[in-house]
Protein chains: 2
Amino acid sequence: MTTTGQRTVAETARHPANRYGNRPTMKDVAARAGVGLKTVSRVVNGEPGVTPDTERRVQDAIDALGFRRNDSARVLRKGRTASIGLVLEDLADPFYGPLSRAVEEVAREHGALLINGSSAEDPEREQELVLALCARRVDGLVVIPAGDDHRYLEPEIAAGVATVFVDRPAGGIDADVVLSDSFGGARDGVRHLLDHGHHRVGFIGDQPRIHTAAERLRGYRAAMEDAGIATEDRWISLGVTDPVRVAEAAEAMLTGQDPVTAIFAGNNRVTVTVVRVLAEFPREVALVGFDDFELADLLRPGVTVVAQDAARLGRTAAERLFQRLEGAPYATERIDLPTRLIQRGSGELPPSV
Amino acid sequence: MTTTGQRTVAETARHPANRYGNRPTMKDVAARAGVGLKTVSRVVNGEPGVTPDTERRVQDAIDALGFRRNDSARVLRKGRTASIGLVLEDLADPFYGPLSRAVEEVAREHGALLINGSSAEDPEREQELVLALCARRVDGLVVIPAGDDHRYLEPEIAAGVATVFVDRPAGGIDADVVLSDSFGGARDGVRHLLDHGHHRVGFIGDQPRIHTAAERLRGYRAAMEDAGIATEDRWISLGVTDPVRVAEAAEAMLTGQDPVTAIFAGNNRVTVTVVRVLAEFPREVALVGFDDFELADLLRPGVTVVAQDAARLGRTAAERLFQRLEGAPYATERIDLPTRLIQRGSGELPPSV
DNA sequence: TTGAAAGCGCTAACAG
DNA sequence: CTGTTAGCGCTTTCAA
């Protein structure tokens, strides 16, 4: 601790004790500057109607005391917190990094802060988090839902908390949602494999209670059906996407009778695990994954993917949120963002058996 | 909008207008339940001293009105916000995902929410963000600094905002800091290359004003010196780590007279760019990178790295923060976390010229 | 067991 | 241009 630091402590310690570690308030500043409370407020908020001289006296007092406006009090009075909440599945998932960054960027453009939390794909934890954010009176909420029943949000939305869902739709309530075209993307990806001569195509996806997982499975089935292929149950594996289960699933469908010659992976984690399995596998197997991921182009072969634009997803949702916050109450809307097939080699391999 | 939803609107609309979208307050609940304000407060906060019967009446009123406690007001009164701020460089950077997730997890264990923002490596923006968080009266702050002068934080720290720096030390103030051993890690990585027969080893790093970048450079120089090799300026490139500059730097040191036979890359972004360059390069070049990254093991050759544990960095910092928040004022501390060399092939290649 | 009153630090509304 | 007053919705204190 420097000497300067210690003097600061002594200085602030002169003020009457309160719960904020003896911080000076506008009242203290007013007393020191010899002006009224409201004048301090004017200076702090850059409102007009203060003589340069007065302003300087107030500013000096602010600097001397180390005053910083207490936004908690301000919020209480103004009713707007200038903050929005973001609830997602897992901040550590590379898919959500760009998404939350995009939301943050838009929030920043609107002078708002971002409070965020991970639901860990647990509906209860999602609700807990959302309600905690509502209790803080965030102005709005961007939610990547873990659960499928969001009726608990009804009173909040009715009370004016703008809410936009991303990546998966809300359950049981009418709300804005921004989605990638999971169905179309998966269908295109599987069709791409079929176009390259495959007939036995496997699908490894997440738990079907997750909307995107169900949609992608639907896309897979649609593509197979369009091609007149009867899918076998052995080719389809759904469940949690931890590496162990996914690796076992991949190995199972790659071996035995009538093994698959191509795999469609339902999300980035699945894709990566399948790549690991295939790296050890004796036969060449074609692969298309849903979600792009870093370095997919550097692997050999490069991994063909159905890419969705996570940043755009986040930006679109956040912009929608602030439109609602600022404007008239529009009708709720569903925004579908297109996916894009990126060919890198793995999806263009021919059947090896 | 369901019928239930509309009734909720009508219901809340009866309450006197305020700034929170006509939300019921404890006063409203008290009126409806026919009890005093304080009794509602007791029920809401689970305080003892309320008859089961009264409690039920209050609870019914709460449910009927859709009441949710306004934590802004609570905060104003209690002085603690139960939230901490995290300022990092870029939420979208894969290195920070696990770190912020770890911080969030610890916050959650302590019942606190996480407010975070990206500084975009801009000192002004860092300060702006930090002060905005202080104005919100976050209880504490975890900062990955972009700037190197943090004296602006002195009054805040004196006023009781617990602050822990991560990844890089604070400038101009005395504060806790949690670091990876950049110097030792880089020295070990370079030494590893030297041990495999290299003499001309290149170093591509970030701007030396960034503490970790400077430390890693120092580690590189120490290893070279220990081996009795005089480094040439041509082998060293420092600056912003955008792909274009890094690629040019790599190509420059790989060609011309006395080209390097091995490269040490100063962070994950640099490493990835160098991998791309080497993939196109006619000669085999050894590579060790600072920071681990996903799929490094799947590339051919696998990329040898000096790994730091981002999650542990975040967890350690956050735990330190809450120790401070809860306990006596310890002396500030510097915590160094070890790095780990992970051999995957690229760092074990012999010199090719 | 319950409630009335005071006040957290700020801003809105209205005087001077 | 400046200051005073009255809350924002909650918790604290203290009395019933």
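Every chain is numbered from 1 and lettered A, B, ... according to where its sequence line falls, protein lines coming before strand lines.
Axis angle between the ends of the helix from C:dT1-D:dA16 to C:dG16-D:dC1, five pairs each and rounded to 10 degrees, works out to 40°.
At a threshold of 4.0 angstrom between heavy atoms, the contacts of B:Asp71 with the nucleic acid are absent.
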*asked:* side-chain contact (heavy atoms from CB on, under 4.5 Å) for A:Ser72 and A:Leu76? Distances and angles first, verdict last.
replied: CA-CA 6 Å; A:Ser72 290; A:Leu76 179 59; over 6 Å; no
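Between the base of C:dG7 and the side chain of B:Arg77 there is a donor-acceptor pair shorter than 3.5 Å.
In this structure, CZ of A:Arg136 is placed 18 Å from P of D:dG9, rounded to the nearest angstrom. Atoms NZ (A:Lys27) and P (D:dT5) sit 13 Å apart, rounded to a whole Å. Following rounding to the nearest Å, A:Met26 (CE) and C:dT11 (C1') show an atom-to-atom distance of 8 Å. Taking atom CZ on B:Arg80 and atom C1' on D:dT11, their separation rounds to 16 Å, with Å as the unit. Distance, A:Leu76 CG to C:dC10 P: 12 Å, rounded to whole Å. For the pair A:Arg69 CZ and C:dC8 C1', the interatomic distance rounds to 17 Å; values are reported in whole Å.
With sequence neighbours excluded, the residues forming a salt bridge (Lys or Arg N to Asp or Glu O under 4.0 Å) with B:Glu156 are A:Arg23, A:Arg68, listed by chain and number. By the salt bridge (Lys or Arg N to Asp or Glu O under 4.0 Å) test, A:Glu47 pairs with A:Lys38, sequence neighbours left out.
The ring pair (Phe, Tyr, Trp, His ring centres under 6.0 Å) analysis of residues 107-135 of chain B, with sequence neighbours excluded, yields the pairs B:His110-B:Phe322. For residues 106-117 of chain A, the salt bridge (charged side-chain N to carboxylate O under 4.0 Å, His left out) pairs, not counting sequence neighbours, are A:Glu105-A:Arg108, A:Arg108-B:Glu128.
The pair A:Asp71-B:Arg137 does not meet the salt-bridge criterion, since no charged nitrogen lies less than 4.0 angstrom from a carboxylate oxygen. The residues B:Arg168 and B:Glu126 are annotated as not salt-bridged, no charged nitrogen and carboxylate oxygen being separated by less than 4.0 angstrom. Here B:Arg57 pairs with B:Asp53 in a salt bridge; the nearest charged N to carboxylate O distance falls below 4.0 Å.
The side chain of B:Asn70 sits closest to D:dG9 out of D:dG9, C:dT11, D:dC1. With distances taken from any side-chain atom of B:Arg74 to the nucleotides C:dT1, D:dG3, D:dC10, the minimum falls on D:dC10. Here the side chain of A:Lys78 is nearest to one of C:dG9, D:dT11, C:dT11, namely C:dT11.
Between A:Thr54 and D:dT2 there is a side-chain N or O to OP1 or OP2 distance below 4.0 Å. Under 4.0 angstrom from either OP1 or OP2 of C:dT2 there lies at least one side-chain N or O belonging to B:Thr51.
For CD of A:Glu124, the number of neighbouring non-hydrogen atoms (other residues, nucleotides, ligands) closer than 6.0 Å is 12 at most.
When the nearest nucleotides of DNA chain D are assigned to B:Glu47 and A:Gly36 by heavy-atom distance, the more 5′-ward of the two goes with A:Gly36.
Within a heavy-atom distance below 4.0 Å of DNA chain D, the residues of residues 37-44 of chain A found are A:Lys38, A:Thr39, A:Arg42.
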